[in-house]
> 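Below is the structure I would like to discuss, written out as structure tokens.
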2 protein chains.
Amino acid sequence: MRISEAAARSGLKIDTIRYYEAEGLVPNVLRSSDGQRWFSPENVDWPTLLYWLRETGMPMKVMQRFAALYAQGDETIPNRKNILLDHSRLLAKRREDLERCNEVLTRKLEIYEEHLR
Amino acid sequence: MRISEAAARSGLKIDTIRYYEAEGLVPNVLRSSDGQRWFSPENVDWPTLLYWLRETGMPMKVMQRFAALYAQGDETIPNRKNILLDHSRLLAKRREDLERCNEVLTRKLEIYEEHLR
DNA sequence: TCTTGACCTCGAGTTACTCAAGGCGGGTAT
DNA sequence: ATACCCGCCTTGAGTAACTCGAGGTCAAGA
């Protein structure tokens, strides 16, 4: 598929996919004779994963390490697994943050309600 | 209290507090005779709120609007309330995102497990 | 008196995009 | 056949939100 469809499916913008590719985050992107990128279906799973990792706060450098490991083949799976497990711990922390922020907001809103009465 | 304590209590870094003040996000910061900032206890609640709003993804511009309303006094409370309610909807969206990312990670980790077996 | 520590300002650097300018090539309308 | 549009391409500049380093002030302790 073309880059526009890859963008639509992954959630990333076209520009962001190109940027990620330039930074080494998207390996194995084929090109047609006139230089246009071509994404195989399996190839579009990757931007989708990147989308979610970014959306939940994984830094570029970690994504780069992850992509580099991926490019090295299956024997790097234990390493990649660890990166994902680390990230899932970050997710837990973020969930707690949302919880706490919600408490702060709720308290603030209560104070506002009192002022409005 | 001094800026270092305000930083420790709010969660923001010293540099970030100064930056936020320059951008109009922290009103009413007093200065001592030699130019050092002085935060009253009520005054430190504000950076703390900013910390949580930022940490959960509120853009600077919205924070600026929020701070400007705050500086205008109590009659802007309904407006401020709406901003916080909007943000709390964003929080809900983020919670869903974390959930979805977790699913993606879990599926990926399962695939890794299969490969390792 | 000298030094240490916490503060100050200003300006440059960083991260992760995001967008605009200018150009190519393929398909469709005249 | 030519004109035009569309989606792609690259490069380089711009933006958001910090983050850091250099260089300077001032008060208090050894």
Side-chain angles (χ1 to χ4, degrees), chain A residues 1-26 28-40 43-44 46-68 83 87 90 94 97 101, chain B residues 1-26 28-40 43-44 46-68 83 87 90 94 97 101:
Chain A
M1 70 193 69
R2 303 189 286 184
I3 196 171
S4 56
E5 200 181 339
R9 295 207 187 187
S10 64
L12 295 174
K13 293 187 186 176
I14 292 179
D15 281 341
T16 308
I17 293 181
R18 285 202 275 252
Y19 168 66
Y20 279 3
E21 194 198 344
E23 297 294 311
L25 268 73
V26 194
N28 310 325
V29 180
L30 302 174
R31 299 284 187 129
S32 64
S33 57
D34 64 335
Q36 298 198 6
R37 290 168 182 81
W38 190 257
F39 295 81
S40 66
N43 214 320
V44 92
W46 187 257
T48 306
L49 178 57
L50 292 182
Y51 171 80
W52 286 110
L53 294 177
R54 175 196 73 172
E55 213 60 12
T56 52
M58 180 178 283
M60 286 281 289
K61 290 199 175 170
V62 180
M63 290 203 270
Q64 275 166 339
R65 199 149 47 81
F66 187 67
I83 291 177
H87 190 63
L90 183 70
R94 299 244 156 174
D97 280 0
C101 182
Chain B
M1 72 193 68
R2 303 190 287 185
I3 196 171
S4 56
E5 201 182 338
R9 294 206 188 188
S10 65
L12 296 173
K13 292 187 187 177
I14 291 178
D15 282 341
T16 309
I17 293 181
R18 285 201 276 251
Y19 168 66
Y20 279 3
E21 194 197 343
E23 297 293 312
L25 269 73
V26 195
N28 309 325
V29 181
L30 302 174
R31 299 286 187 125
S32 63
S33 57
D34 64 335
Q36 298 199 8
R37 290 166 182 82
W38 189 256
F39 296 80
S40 65
N43 214 319
V44 91
W46 187 259
T48 306
L49 178 57
L50 292 182
Y51 172 80
W52 286 109
L53 294 177
R54 176 195 74 172
E55 213 61 11
T56 52
M58 179 178 283
M60 284 282 287
K61 289 198 176 171
V62 180
M63 291 203 270
Q64 275 166 339
R65 198 150 47 81
F66 187 66
I83 291 177
H87 190 63
L90 183 70
R94 299 244 156 173
D97 280 0
C101 182

> Closest nucleotide of DNA chain D for A/D15 versus for B/Y20: which of these residues is on the 5' side?
A/D15
> Does B/N28 use its side chain to pair, donor to acceptor, with the backbone of B/N43 at less than 3.5 Å?
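The answer is no, because no donor-acceptor pair under 3.5 Å joins these two groups.
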> If you only use heavy atoms from C-beta on, which nucleotide in D/dT10, D/dC18, D/dC8 is closest to the side chain of A/I3?
D/dC8
> What's the spacing between B/L30 CG and B/F39 CZ if we round to 0.5 Å?
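Nearest 0.5 Å value for the CG-CZ distance: 9.5 Å.
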> Could you state the CD-P distance from B/E23 to D/dC18, rounded to the nearest angstrom?
10 Å
> Is A/R2 close enough to D/dG7 that one of its side-chain N or O atoms is under 4.0 Å from OP1 or OP2 there?
no
> Enumerate the protein-to-nucleotides 11-15 of chain D contacts in which both atoms are nitrogen or oxygen and the separation is below 3.5 Å.
none

> Between B/E21 and B/R31, is there a side-chain N and carboxylate O pair less than 4.0 Å apart?
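Salt bridge flag = yes for B/R31 with B/E21.
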> Reading DNA chain C in the 5' to 3' direction, which nucleotide is the first one with an atom under 4.0 Å from a heavy atom of chain A, and which is the last?
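Using the under 4.0 Å cut-off, the span is C/dT15 to C/dC19.
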> Is any side-chain heavy atom of A/L25 closer than 4.5 Å to one of A/F66?
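No - every pair of side-chain heavy atoms lies 4.5 Å or more apart.
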> Can you measure A/I14 atom CD1 to D/dT10 atom C1' for me and round it to whole angstrom units?
15 Å
> For DNA chain C, what are the stems built from at least three Watson-Crick or G-U pairs in a row, each pair having both distances below 3.5 Å?
C:1-30 with D:1-30
> Indicate yes or no for a side-chain donor-acceptor contact from A/Q36 to the backbone of A/R2 under 3.5 Å, with no hydrogens or angles considered.
no
> What is the distance, rounded to the nearest whole Å, between atom CD of B/Q36 and atom C1' of D/dG24?
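About 13 Å, once rounded to whole Å.
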> Rounding to a whole Å, what distance do you find between B/M58:CE and D/dC18:P?
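It works out to 13 Å between those atoms.
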> Taking atom P of D/dC8 as reference, at what distance in whole Å does atom CZ of A/F39 sit?
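One finds 10 Å between P of D/dC8 and CZ of A/F39, rounded.
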> Look at all strands and tell whether B/R18 reaches a base, only sugar-phosphate, or nothing, counting heavy atoms closer than 4.0 Å.
base
